[in-house]
Amino acid sequence: PCSKSDQPVSHPIIQDIIYGPEATGSLCPTIFSILSDIQSAIEAAEDKKPRSGIREHLLRAILLLNDAIMPTAVDAYIAAEVPNLLA
């Protein structure tokens with residue numbers, strides 16, 4: 001802890017997300033889902049919570065990020081590459 005009493009101290013953070021004029025209706029829900037999963041992972045990281053919850057939320061956020069920035073979705077990529085790996 002960063003306090004003299006060795007007790008946890010809350011440090012609120014202001015999150016400003018600014019969308020450009022090109023942001024579409026489909027982009028905003030995707031960003032919201034990614035940030036929601038990251039927030040859920042943070043909440044799951046509290047004391048005496050199962051760590052599997054952190055992994056699940058972070059994995060989902062990573063998959064959503066991947067789908068948002070890659071030209072093909074993870075499922076489509078896997079479906080295309082598995083036959084090549086087995087050959």
Side-chain angles (χ1 to χ4, degrees):
C2 49
S3 70
K4 293 179 182 179
S5 65
D6 286 336
Q7 296 298 315
V9 176
S10 177
H11 296 286
I13 297 172
I14 296 172
Q15 296 178 354
D16 289 328
I17 304 208
I18 301 170
Y19 300 101
E22 70 281 354
T24 62
S26 64
L27 177 63
C28 295
T30 300
I31 293 171
F32 177 80
S33 294
I34 292 166
L35 294 175
S36 293
D37 282 331
I38 292 171
Q39 179 64 36
S40 295
I42 291 168
E43 290 169 1
E46 294 175 4
D47 289 342
K48 299 181 182 175
K49 297 248 181 152
R51 296 298 181 229
S52 60
I54 299 168
R55 291 188 296 269
E56 291 169 7
H57 291 294
L58 288 178
L59 175 61
R60 189 167 54 193
I62 289 169
L63 293 175
L64 287 170
L65 275 170
N66 184 75
D67 288 349
I69 62 175
M70 297 299 290
T72 58
V74 172
D75 293 339
Y77 177 80
I78 291 171
E81 291 299 319
V82 166
N84 296 337
L85 296 174
L86 300 176

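This structure is a prediction, so every number in the text was calculated from the model and none was measured.
We find the CG-CD1 distance between L64 and I34 to be 5.5 Å, quoted to the nearest 0.5 Å. Remark: S40 OG to L35 CG distance equals 11.0 Å, nearest 0.5 Å. In this structure, S33 OG and L65 CG are separated by 11.0 Å, a value rounded to the nearest 0.5 Å.
Contact between A44 and G53 at its shortest, heavy atoms only, is CB-C, 4.0 Å.
Applying the salt bridge (Lys or Arg N to Asp or Glu O under 4.0 Å) definition to pairs two or more places apart or across chains, those involving residues 25-37 are D37-R60.
I54 belongs to a hydrophobic cluster whose remaining members, ordered by chain and number, are L58; membership requires side-chain heavy atoms of ILVMFWY residues under 4.5 Å apart, directly or through intermediates.
The side-chain contact (heavy atoms from CB on, under 4.5 Å) test applied to I62 returns no partner, not counting sequence neighbours. Checked against side-chain hydrogen bond (donor to acceptor under 3.5 Å, both in side chains), E43 has the following partners two or more places apart in sequence or in another chain: Q39.
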When the side chains of residues 67-78 are checked against the rest of the protein, which donor-acceptor pairs come out under 3.5 Å, sequence neighbours left out?
| from | atom 1 | to | atom 2 | distance (Å) |
| --- | --- | --- | --- | --- |
| D67 | OD1 | V74 | N | 3.1 |

